[in-house]
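Just the heavy atoms: all of them, side chains too, but no hydrogens, waters or symmetry mates, feed the values below. In what follows, chains carry the letters A, B, and so on, assigned in the order in which the sequence lines appear, proteins first and then strands, with residues in each chain numbered from 1.
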There are 2 protein chains.
Amino acid sequence: MNIGEIAKRAGVSRSTVSYALSGKRPVSTETARRINEVIDELGYRPNASARALAEGRTRTLSLVIPPASRRLTDVQLGFVASVVEAAATQDLDVLLSPSGGDHDRSFERIVTGRRVDGVILMEILLDDPRVERLEQAGLPFVTIGHVEHPGASWWVDVDYAALIRRCVHHLADLGHQDVVLINRSDELVAAGYGPALRSSAGFLEAAGERGLTARTVCCADEPAAGLACFEGIRSRWPEVTAAVTINEAALPGLQRALHRAGLDVPRDFSITGVIASRLAEGFHPPLTAADVPAEEMARLAVNLLVEQIADPGATPRNALLEPAISLRSSTGARRR
Amino acid sequence: MNIGEIAKRAGVSRSTVSYALSGKRPVSTETARRINEVIDELGYRPNASARALAEGRTRTLSLVIPPASRRLTDVQLGFVASVVEAAATQDLDVLLSPSGGDHDRSFERIVTGRRVDGVILMEILLDDPRVERLEQAGLPFVTIGHVEHPGASWWVDVDYAALIRRCVHHLADLGHQDVVLINRSDELVAAGYGPALRSSAGFLEAAGERGLTARTVCCADEPAAGLACFEGIRSRWPEVTAAVTINEAALPGLQRALHRAGLDVPRDFSITGVIASRLAEGFHPPLTAADVPAEEMARLAVNLLVEQIADPGATPRNALLEPAISLRSSTGARRR
DNA sequence: ACGGTCTGTCGAACCGGTTGGACGGAGAGC
DNA sequence: GCTCTCCGTCCAACCGGTTCGACAGACCGT
């Protein structure tokens, strides 16, 4: 069931079948009809490997994810599914590759083996070796998040600094004086994880502008850590009346800690931050927070990548998204 | 930078380079040394498409996921990451393809285009057209979950019926008389989604054995539905003192409903079921529940698939996992 | 000295597509 | 009636690997 077989049965040459399929040269309607008939009858579809070899492109993208050991957050997971969907609408397949840890072999295989036409890189660090590797290999890529000094590169990101600033201003408007930022884990911060660093910067900047007393803490990405973290905050800084967070995984722990401390949200304590809408809505009460627009980011990333593959010489483009903050019910006026 | 270039620089023929790389025929140590030198120097790696074409296999698996629109549950997501990791340890790549909805083109592309050596199918329905399609195409595949009458097929599943039965016995042991099963959405049940149907069967069976009054309700996969669902239960059957569930997405809503009703868990009400450990631990209080062993299932599925690819004639194998129930703190003796 | 095995290497065919150049025939222009 | 296009088709080369059969030379036993 290859192209030669189709050609034989339709009584034409292999190239004619190819042209009938691709439309790259005219084929008489009568011939086209016969060819399509045979194709339908046999359920033929060109062999992807052969086509990739001949065309020099695989019609496949790679999405590089962090290893499973470091659990994916809800935002990231929504993103993976959305990338797959966005790629599917353009008839592209998505190869999922882990990276980091012991998985450098997978990454290397993708990069040097010409397995894919382009790469989407998640979880970018401010200084990321994979970026260099891809540049050196001359493989088109788009990063989710951007490196510290994104010279000429393609990326999509959420403006964490701006969003966190807005959260702080929102809390200041409500009269809060003492606020805390519950960041991601200190390992991530130490590794130079952009969203964590930029959130922290935006937090301190806005707090400074509004004359608030600002504290920041790191918190491992799990419920238990969220609980411990919040209790630490209460004991060290009992005057704090509001928290801003980007740590989704810690939320259940925060919830439990608030309950245990007998604090009512938003009467006694306010919470906001950048949180996947699904989780924000699952919180009790629903969180007033900036929703990370995973689908839009995915669509943008795929489009940028496709553009770059089509014209590798094009001048790099990027997108910095700043979604609105959804006012739900986890923030309220400070009470004393 | 292809194999011919390497051969030229090392002063040998292309086939010798190929044999040096694959080890399928002996090559003198001196020749091998020269070849490896050139390869290291140029950073050569065989073109994956060419190799796939020649060998007739792609060293790639496909993981078919439900469309993003139907949001993946936590269990499913952990499973995706684990499959990728398990495949990576065998130097296999994973192609992620959506299916259902408008994505049949993607699925067709995978199946007929010989893009992959085998397929892992998630979210199997009791009577699933994709299974037929794969059988007809003669493509090796493993299903997560099994069809109603799995003749000779390869699959991995969790024994929902047995686990739910154990949950019911556990509640009966604690003295509960009136129990309810909070199932997945009625669309899924109507579509013939195995875990939902088997849970229901196991629930009723065990309740019958122990003489309990058993009710079952369907609940859409989202927090709001969980809340509404629980309030419906309380108003229709106020005598119910314990719930069993497999609906992870509804948990936050359940939590909120319990809180709103002023019910303390486990003093006033007990909850158990089959729930991803991550979510079970995030609940307040932590749920006594059966943890779905996503990593183990993933590893098993990949291994079975690899085995099947190596020997398509082998007699099908399968695995029905029955993980232990983790005793946390969401169940207690019935009080009256 | 001779046939036989064994080792290392090479040439050529093959996997299944795409694509550029050539070519035959029909129709148009003169 | 003759050339000139243009349309539709075919042939052959190519993409970059793998693998089979052949073969030269070293080594063995007799």
Side-chain angles (χ1 to χ4, degrees), chain A residues 1-36 38-39 42-60 91 93 109-117 137 139, chain B residues 1-36 38-39 42-60 91 93 109-117 137 139:
Chain A
M1 51 262 25
N2 56 24
I3 202 173
E5 187 67 18
I6 304 295
K8 198 191 301 174
R9 302 212 189 192
V12 295
S13 75
R14 299 196 307 149
S15 48
T16 302
V17 175
S18 178
Y19 287 126
L21 248 49
S22 69
K24 295 192 180 169
R25 281 196 191 176
V27 167
S28 77
T29 48
E30 164 58 17
T31 308
R33 195 191 51 69
R34 272 211 321 283
I35 292 176
N36 284 324
V38 177
I39 286 179
L42 271 67
Y44 164 79
R45 195 168 298 257
N47 178 307
S49 303
R51 179 189 289 221
L53 176 57
E55 284 189 322
R57 62 172 181 155
T58 58
R59 297 166 189 270
T60 304
D91 283 329
D93 288 319
R109 200 166 52 224
I110 300 296
V111 175
T112 11
R114 310 244 150 254
R115 259 178 120 23
V116 297
D117 298 333
L139 198 58
Chain B
M1 47 290 349
N2 55 26
I3 202 174
E5 186 67 17
I6 304 295
K8 199 193 300 175
R9 300 211 189 192
V12 296
S13 75
R14 299 196 306 150
S15 47
T16 302
V17 175
S18 178
Y19 288 127
L21 248 48
S22 69
K24 293 190 180 170
R25 281 198 191 174
V27 168
S28 76
T29 50
E30 165 57 15
T31 309
R33 195 190 52 70
R34 273 211 320 284
I35 291 175
N36 284 324
V38 177
I39 286 179
L42 271 67
Y44 164 80
R45 194 168 301 254
N47 177 308
S49 304
R51 178 189 292 220
L53 175 58
E55 284 189 322
R57 62 171 181 155
T58 59
R59 297 164 188 274
T60 305
D91 283 329
D93 288 318
R109 200 167 50 225
I110 301 296
V111 175
T112 6
R114 310 241 150 254
R115 260 177 121 10
V116 298
D117 298 334
L139 198 57

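In this structure, Ile3(B) and Arg14(B) approach most closely via the heavy-atom pair CD1-O, 3.8 Å. Of all the heavy atoms in Ser49(A) and Leu53(B), the pair that sits closest is CB-N, 4.0 Å. Nearest heavy-atom pair across Ile35(A) and Val17(A) is CD1-CA, 4.0 Å. Nearest heavy atoms, Leu139(A) versus Val116(A): CD1-O, 3.8 Å.
Under the salt bridge (Lys or Arg N to Asp or Glu O under 4.0 Å) criterion, Arg57(B) pairs with Glu55(B), not counting sequence neighbours. Listed by chain and number, the residues in a salt bridge (Lys or Arg N to Asp or Glu O under 4.0 Å) with Arg114(B) amount to none (sequence neighbours excluded).
For DNA chain C, the contact window with chain B, defined by any atom under 4.0 Å from a protein heavy atom, covers dG8(C) to dG16(C) in 5' to 3' order.
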Could you go through nucleotides 20-24 of chain D and list every protein N or O atom that sits under 3.5 Å from one of its N or O atoms, giving the distance for each pair?
{"residue": "dC20(D)", "atom": "N4", "partner": "Tyr19(B)", "partner atom": "OH", "Å": "2.8"}
{"residue": "dG21(D)", "atom": "N7", "partner": "Arg25(B)", "partner atom": "NH2", "Å": "3.2"}
{"residue": "dG21(D)", "atom": "O6", "partner": "Arg25(B)", "partner atom": "NH1", "Å": "2.3"}
{"residue": "dG21(D)", "atom": "O6", "partner": "Arg25(B)", "partner atom": "NH2", "Å": "3.3"}

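Within 6.0 Å of CZ in Arg9(A) there are 12 or fewer heavy atoms belonging to other residues, nucleotides or ligands.
Taking every heavy atom of residues 43-55 of chain B and every atom of DNA chain C, pairs under 4.0 Å involve Leu53(B), Ala54(B), by number.
Closest approach to the Thr31(A) side chain among dC11(D), dG8(D), dT18(D) is made by dG8(D) (side chain taken as heavy atoms from C-beta onward).
Rounding to the nearest 0.5 angstrom, the gap separating the CG atom in Leu42(A) from the CD atom in Glu5(A) is 7.0 Å. Distance check, rounded to the nearest 0.5 Å: CZ of Arg51(B) to OG1 of Thr58(B) gives 12.0 Å. With values rounded to the nearest 0.5 angstrom, Tyr44(B) atom OH is found 11.0 Å from Thr112(A) atom OG1. The CG atom of Asn2(B) sits 9.0 Å away from the CG atom of Asn47(B) when rounded to the nearest 0.5 Å.
Of the two residues near DNA chain C, Ile3(A) and Ser13(B), the one whose nearest nucleotide lies more 5' is Ser13(B).
Nucleotide dG17(D) holds its P atom 10 Å from the CD1 atom of Ile39(B), rounded to whole Å. Atoms CG (Leu21(B)) and C1' (dG17(D)) sit 11 Å apart, rounded to a whole Å. Here dG8(D) presents its C1' atom at 18 Å from NZ of Lys24(A), a figure rounded to the nearest Å.
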Check: Between Asp91(B) and Arg109(A), is a salt bridge (charged side-chain N to carboxylate O under 4.0 Å, His left out) present by the stated rule, with each step listed?
Finding: CA-CA 9 Å; Asp91(B) 283 329; Arg109(A) 200 166 52 224; 3.0 Å; yes
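Side-chain atoms of Arg25(B) and Ser15(B) include no donor-acceptor pair closer than 3.5 Å.
Base contact: Ser18(B) has a heavy atom under 4.0 Å from a base atom.
Rounded to 10 degrees, the angle separating the terminal helix axes of the helix from dA1(C)-dT30(D) to dC30(C)-dG1(D), each built from five base pairs, is 50°.
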